Structure formats: structure tokens, C-alpha cells
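Structure, as C-alpha cells:
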Amino acid sequence: MKVIQYVPHGAVPDIRGFAPAIIGQNLAKHMKFAKPYIISNFEHYKSDYEHSRFGDVYRIGESAVYRALFKKMTRLDPYPLHRKAAVLSNMLGIDIFHAHQTEFPVKDFLAACSRKPKVVVQVNAMRNFEPVKNGVPDLYLAASEYTKKRMLEERRYPEDIVGVLYNGFDEELFYKPSPAEKNSLKSILGIPQNSIVVGYIGRKQQVKGFYNFLRCVKYLREIGIEIFALSVGPTPWDTVRDENYDDEQKLLAELKNKEWFFDMDPLPHDRLCNVYKAIDVLLFPTYFGGEQHPIVAVEGIAAGCVVISSNKFSIPETIEHGISGILLEDPKNIDELIEVTRRVVLNINSFECIQLAAANSAKAKFSWNSLTAELEKVYFKKLN
């Protein structure tokens with residue numbers, strides 16, 4: 001069986017932390033029986049083909065001239081990415097086409113295919129069900145039970161073709177480090193051994209909790225708690241629309257001058273995993289309405305961090321409050337975040353049981369090995 005993982009809006013191998021690319025490349029990497037291929041966007045890459053550690057990657061995209069002439073001037077798209085993907089699908093003789101794009105145009109894609117593969121659509125973002133416009137795949141895979149429920153109740157997707165496939169983590173990269181490994185990673189950054197590191201990983205936006213992270217770590221230092229802080233992730237172009245953007249940027253600039261604060265750009269996963277391992281307490285106080293099953297929460301518990309997140313969206317499916325992490329009642333409430341973080345930091349040794357339970361929970365539920373095995377069962381039994 002030949003399977004394509006299709007990521008039209010991200011590049012593989014991923015280096016910017018784009019969830020669909022991370023999911024697609026890991027599903028390809030961990031398949032045991034199916035022959036995987038990946039079709040991704042060019043983004044920063046130059047070559048249109050690469051034999052990567054995730055499998056054979058074919059890259060497609062649009063030139064600047066094409067975008068200017070058609071998409072901007074005429075508002076037309078005569079040769080869209082999914083038709084380029086159809087050409088590759090025909091050439092490779094694909095059996096299953098797994099699209100990491102909720103609004104994937106199934107009908108137009110299949111019309112361009114000489115050999116009609118089964119189509120799976122991964123749902124990591126909520127969209128309307130539009131069968132006339134887009135057609136209907138053989139299977140939708142929601143990122144969580146929360147997402148599935150919303151699809152069925154709010155958007156009226158047909159229940160018989162909606163399943164669930166959680167986002168996962170790579171066990172080779174993400175695991176609870178030994179104290180020696182954790183201290184070794186901290187020392188590279190100039191952080192004293194056994195110091196407590198409070199971290200943030202993800203898009204640096206207010207709704208994802210970045211501003212409150214900055215406010216929290218500053219306050220803890222001001223009251224004499226000598227934590228170190230790490231933040232890693234991209235700053236999206238639309239961050240300028242955030243309500244507290246100016247204050248956030250001033251605060252970020254101030255903290256970047258502190259010897260106890262480290263701010264990093266996005267990192268590929270084989271580097272990002274070391275950031276997680278250096279972090280003791282991971283703050284993820286998101287109130288972003290589009291959260292379906294955030295990978296940050298999964299990777300955080302897999303690395304044995306004490307994850308402080310939100311009692312919202314699908315996060316309770318990942319973190320059990322008081323058992324494998326801590327969930328805030330109101331992630332917008334900076335006072336609640338500060339108090340919970342302060343309590344954890346001052347009593348970090350008493351949270352070792354939560355760190356261990358978090359790592360064990362991640363292994364049991366969210367490793368890419370086990371999730372991909374479940375997916376292959378679907379490929380072979382339901383779609384073959």
C-alpha cells in the first residue's frame with residue numbers, strides 16, 4: 001500500500017513548528033507496512049525532491065510571478081497545488097491520499113487523478129462542512145474528541161465518516177531526562193545546575209499565553225524567586241493586532257537584556273526537544289479559540305515538564321488536572337497563573353510524581369509509534 005501525506009501549507013522537514021507538517025512527517029516516519037511519501041510546500045527549501053529521514057519528500061509551490069499574475073491580479077488559480085499533487089499521485093500509483101488540510105478540495109483533486117486513491121482529511125482547524133464545494137473524503141480524522149464533537153454538533157459533518165487521531169510525539173526525541181542530562185543541557189545555556197527553568201514554547205501571541213508568560217516570570221523574579229526563563233517560537237505577522245502588543249514587545253525587549261532570560265527563534269524538532277528537557281515548568285496558558293489538540297501540551301508532558309495549561313478545549317484530554325499537570329480555570333487571569341506557578345516553583349520537588357505521571361501518560365496515549373499503528377489499521381481494514 002502506498003500512502004501520501006500531503007501538507008500544502010508547510011514544508012517537510014519542518015523547522016518552524018507548523019503542526020500539520022509535524023504530524024504529516026511523523027506519520028510517514030513511523031509507518032510499519034505502508035510505503036509513505038510526502039508532498040509538502042517549498043517554503044524555504046530549494047529542491048523539489050529530497051530523500052529525508054521521514055521518507056521521500058516531493059515539494060510543490062507557486063512562483064512569485066504566478067501569485068502576482070493570477071492570485072492577486074485576476075483572482076484566479078488555474079493550476080492549484082492540489083492538482084500538482086494529483087500529478088504526483090498518478091505518477092507514484094498512490095492508494096491513500098492523506099491531506100493535512102481541513103478544507104481540502106476532494107472533488108477537484110479526484111477529478112485530476114487517473115487512478116482514484118482513497119482520501120483521508122486530517123482536521124486540525126475547524127471549518128464548515130461544504131460537500132458541494134469541496135466534495136467528501138472517505139474519512140475525516142479529527143485531532144481530538146473535542147474537535148469531533150464540534151464537527152458533528154456545530155458543523156453537521158456526517159458521523160459515519162468522522163474518526164479521531166490525536167497529535168503525538170516522537171519517543172526518540174521527547175522523554176523525561178535524567179537529572180544529569182537536564183543539568184548538562186542547562187549548563188550549555190549558562191544556567192546553574194539544579195536551577196529551576198520556567199519555559200514557554202509556541203507561537204508568541206497573546207491568545208497563546210505568551211504575554212502572560214512574560215508577566216509571570218518578571219513578577220516571580222521581582223519578588224525574589226530566582227528562576228530562569230526560556231521562550232522558543234515564531235512571532236506571527238498578525239501579532240501586531242494583539243491588544244497588548246506594544247506592552248508585550250517592551251516587556252520582551254526588557255527581559256531579553258536579563259541574564260536569566262533566553263529567547264529563541266523556532267527550532268527544528270531535533271533541537272526543540274532539548275529545550276523541553278531543560279525546562280522544569282512549562283507555561284501554556286492558552287485561550288486561543290482554535291486549539292484542537294495542541295502538540296505543545298503533548299510534547300511538554302512527554303518531556304516530564306510540570307505543564308501549567310488551560311482547562312479548555314481538548315487540553316483535558318491530554319492533561320489530567322493534579323495528576324499529569326495543572327489546568328487553570330481562567331488562563332487569562334494573570335493572578336491565577338502567577339500564584340500557581342509560584343507554588344510549583346517553590347515546591348518543585350513535591351511535583352516529581354506529576355512529572356513522572358505526565359511522561360508515562362504521554363507514552364501510553366500519544367507516542368507516534370502507537371498512533372501511527374492505529375492509523376495503519378484504519379488504512380488496511382477500513383480503506384483498503
Side-chain angles (χ1 to χ4, degrees), residues 174-187 189-202 209-232 255 258-262 273-287 294 296-312 315-316 318-364:
F174 296 89
Y175 55 84
K176 186 178 184 297
S178 67
E181 183 180 3
K182 182 179 282 284
N183 278 326
S184 175
L185 291 168
K186 289 178 181 178
S187 70
L189 298 171
I191 299 174
Q193 288 195 1
N194 300 317
S195 296
I196 297 173
V197 175
V198 178
Y200 174 92
I201 295 175
F210 184 58
Y211 183 43
N212 278 349
F213 159 76
L214 298 175
R215 296 163 73 192
C216 180
V217 297
K218 179 184 179 182
Y219 180 83
L220 293 179
R221 288 292 302 205
E222 287 178 340
I223 64 173
I225 301 177
E226 295 187 355
I227 59 165
F228 285 74
L230 275 172
S231 62
V232 180
L255 295 183
K258 305 292 185 181
E259 74 283 352
W260 50 267
F261 187 89
F262 303 85
C273 62
N274 293 321
V275 177
Y276 279 101
K277 291 173 206 170
I279 290 172
D280 299 289
V281 183
L282 180 69
L283 303 191
F284 184 51
T286 178
Y287 49 95
V296 169
V298 174
E299 293 173 343
I301 63 172
C305 302
V306 179
V307 181
I308 300 174
S309 191
S310 313
N311 190 21
K312 292 181 177 292
I315 297 172
T318 304
I319 298 171
E320 187 176 357
H321 178 63
I323 304 297
S324 55
I326 299 175
L327 301 181
L328 304 168
E329 287 298 322
D330 182 4
K332 292 183 180 181
N333 186 337
I334 185 62
D335 293 330
E336 182 186 7
L337 176 64
I338 287 172
E339 176 54 29
V340 170
T341 307
R342 185 193 66 83
R343 178 167 55 86
V344 173
V345 168
L346 291 178
N347 301 279
I348 191 67
N349 291 336
S350 67
F351 285 86
E352 288 181 1
C353 57
I354 281 184
Q355 292 173 304
L356 183 59
N360 289 338
S361 174
K363 282 184 182 180

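Position 1 is the first residue of the sequence, and the numbers go up from there. Keep in mind the model is a prediction, meaning the values are calculated, not measured.
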Partners meeting salt bridge (Lys or Arg N to Asp or Glu O under 4.0 Å) with Glu222 (sequence neighbours left out): Lys218

Return the set of residues passing salt bridge (Lys or Arg N to Asp or Glu O under 4.0 Å) with Glu181 (not counting sequence neighbours), or none when no residue passes. Lys277

How would you list, by chain and number, every residue that makes a side-chain contact (heavy atoms from CB on, under 4.5 Å) with [X], sequence neighbours excluded?
{"X": "Pro179", "answer": "none"}
{"X": "Ala362", "answer": "Phe169, Ile301, Ala302"}
{"X": "Glu226", "answer": "Arg221"}
{"X": "Ser187", "answer": "none"}

The criterion is ring pair (Phe, Tyr, Trp, His ring centres under 6.0 Å); which residues satisfy it with Phe213, sequence neighbours excluded? Tyr200

Solution key, residues 344-359 side-chain donor-acceptor pairs under 3.5 Å, sequence neighbours excluded:
{"from": "Asn347", "atom 1": "ND2", "to": "Arg343", "atom 2": "O", "distance (Å)": "2.8"}
{"from": "Ser350", "atom 1": "OG", "to": "Asn347", "atom 2": "O", "distance (Å)": "2.6"}
{"from": "Gln355", "atom 1": "NE2", "to": "Gly304", "atom 2": "O", "distance (Å)": "3.4"}

Not counting sequence neighbours, which residues clear side chain to side chain donor-acceptor pair (under 3.5 Å) with [X]? List them please.
{"X": "Lys186", "result": "Asp280"}
{"X": "Tyr276", "result": "Glu299"}
{"X": "Thr341", "result": "none"}
{"X": "Asp330", "result": "none"}

